[in-house]
Amino acid sequence: MKKEMTMANNKLVIFDTTLRDGEQSPGASMTGSEKLRIAKVLEKLNVDIIEAGFPIASKGDAEAVKNIAKTIKNSTICGLARAINKDIDVAGESLKPANSARIHTFIATSEIHMQKKLNMSKEEVTDQAVRAIKRIQKYTNNIEFSPEDAGRSDFDFLCAIIEKAIKAGATTINIPDTVGYCIPDEYGDLIKRLINNIPNSDKAIFSTHCQNDLGLASANSLAGVINGARQVECTINGLGERAGNASLEEVVMTVKTRQDLFSCETQVVTDFIVPASKLVSSITGFSVQPNKAIVGANAFAHESGIHQDGVLKHRETYEIMKAEDVGWLKNKIVLGKHSGRNALRTRLSEIGYEIKNSEELNILFDKFKDLADIKHEIYDDDLHALISNTSNDDNSLNYNLISIKSSSDSSSEPHSEVVLEKNGKNFKSESNGGGPVDATFKAIEKIVRSNSKLQLYSVNNITDGTDSLGDVTARIEKEGVIVNGVGSDTDIVIASAKAYLDAINKLSNKTEIVHPQDHE
Ligand code: KIV
């Protein structure tokens, strides 16, 4: 049956999946309190839906989703569940405290996934999807269904299963290009044909979910919107499984900047985009490339003389957006060495971090004073780093850095001595190395004996100037498990030691997790 697509709905729903698909990026796993901090900034961004996690993945993720559901009141909180009872029940329980909850269930529909992964027929897959959607109604009527790998699925089968899913109660139909295989014309056309051919398509919102394997995730999502999709699934900085997901900032700013082409709008408060980007990058250790659209350090910088001259005469000669509209100027000097506790507490709250009690305030205030002694001018980014360095995930089995003494001079081999503490006990060690960082890592490894491999080590300055905090990411791998550690300090050897220890602690706390694509 063919029916004309209507596009009366001019609201584009922004479904942020940084805390679910983003977290599936190797090494990007986050603790519960880190997820909550990001959720608070997503709420300030005014995203419509926050996919907070995959609650069956682990007890920690179920708890994180529950805490987010308890705390965030202005965005709908969503949990992912495979189309099986236990996933749905755990998601439903975790979402109970939410003001507004959604459960997102999925099952694969491409020939290759059904045959090789699920070993199920089309009928079995359809029945399982319908059963899952009915079970979700025990918990909520806000139900999203995804035919996984829709981008490579048979069109007639997709129409048939989606029609049944809507009839069973699904209110959002998400069309995942799970392997990032589609190109924009093809994906846009798929959305249009589905909406036009499924008889009850007007009873659901169609959504895009595009992976970035060919670098087309944002372009594909936008093609979907032009062709009738009214929800986009996306992540801050385009974080996500493998090459990532559609980037929230690119999608939102394209729709805003090209209102001549899009017949819909988002309700995102765009001046929180850059703060959100910086927070996600500092928590996950995935730094943003300088030439990344919207949130890269060079996104609004003009190097060539001709461009600079043009921009000074008339900004729009070379700029299509204003830097301040996406939050670039939010990073002002906020505090200094004379600022008091109240000023610190107030500014932390403004950037999305609520201090729980006076003990926490005292710890942060001491660290703030130490930093202000060295750095004088404290920016929002410094405060984010300060919080990231002050973990509230109490764990007596973590190693803490007590002291470090490292030396490098041009005439002798670099040397480092470290003292770590774990469970009330101190451990000392020393080592030489190729440089002070290498010597420090070797000294730490003598104590912790992680036998992990360092996969990535990177240093960035958080703000300008040589007195800036250095932000270090250390990614380590052991037996296929990858974790990122982050650390910052005005001394990059200390920042490196903190990042390495953070990674070691994450590796040893990592429990067995279920991945959404694992089949039972
Ligand atoms: O990429 C994918 O197919 C997914 C689904 C669970 C929506 O992440």
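For this chain, numbers begin at 1 and follow the sequence in order. Just so you know, ligand 1 is whichever comes first in the structure, and atom 1 is the first atom listed for that ligand.
- Proximity to S146 (heavy-atom distance under 4.0 Å) selects the following atoms of ligand 1: 7 (C).
- Between D16 and T18, the side chains place a donor N or O and an acceptor N or O closer than 3.5 Å (distance only, hydrogens not considered).
- With N46 contributing its side chain and Q267 its backbone, the two residues share a donor-acceptor pair below 3.5 Å.
- The closest approach between Q24 and ligand 1 stays at or above 4.0 Å for every heavy atom of the residue.
- For atom 5 (C) of ligand 1, the closest non-hydrogen atom on the protein side is R20 NH2, 4.0 Å.
- Closest protein heavy atom to atom 3 (O) of ligand 1: T178 OG1, 2.6 Å.
- Protein heavy atom closest to atom 4 (C) of ligand 1, with residue, atom name and distance, is H209 NE2, 3.6 Å.
- For R475 and F286, the positive end sits near the middle of the six-membered ring, less than 6.0 Å away and at most 45° from its axis.
- The residue H113 has no part lying near ligand 1, judged by heavy-atom distances below 4.0 Å.
- Neither side chain, H113 nor E111, offers a donor N or O lying under 3.5 Å from an acceptor on the other.
- Under a 4.0 Å criterion applied to the non-hydrogen atoms of D21, ligand 1 contributes the atoms 8 (O).
- Between the side chains of S207 and N174, at least one donor N or O lies within less than 3.5 Å of an accepting N or O.
- Near H104, meaning under 4.0 Å from one of its heavy atoms, ligand 1 places the atoms 7 (C).
- In the displayed structure, K134 atom NZ is contacted under 6.0 Å by at most 12 heavy atoms of other residues, nucleotides or ligands.
- In terms of polar-atom proximity, D149 is not counted as a contact of ligand 1, lacking any N or O under 3.5 Å from an N or O of the ligand.
- At a 3.5 angstrom cut-off on N or O pairs, E233 does not count as close to ligand 1.
- Looking at T172 and R102, their side chains come closer than 4.5 Å, going by heavy atoms from C-beta outward.
- In summary, K292 and E250 engage in a salt bridge, as defined by a charged side-chain N under 4.0 Å from a carboxylate O.
- Considering backbone and side-chain N/O of E148, none are found under 3.5 Å from N/O of ligand 1.
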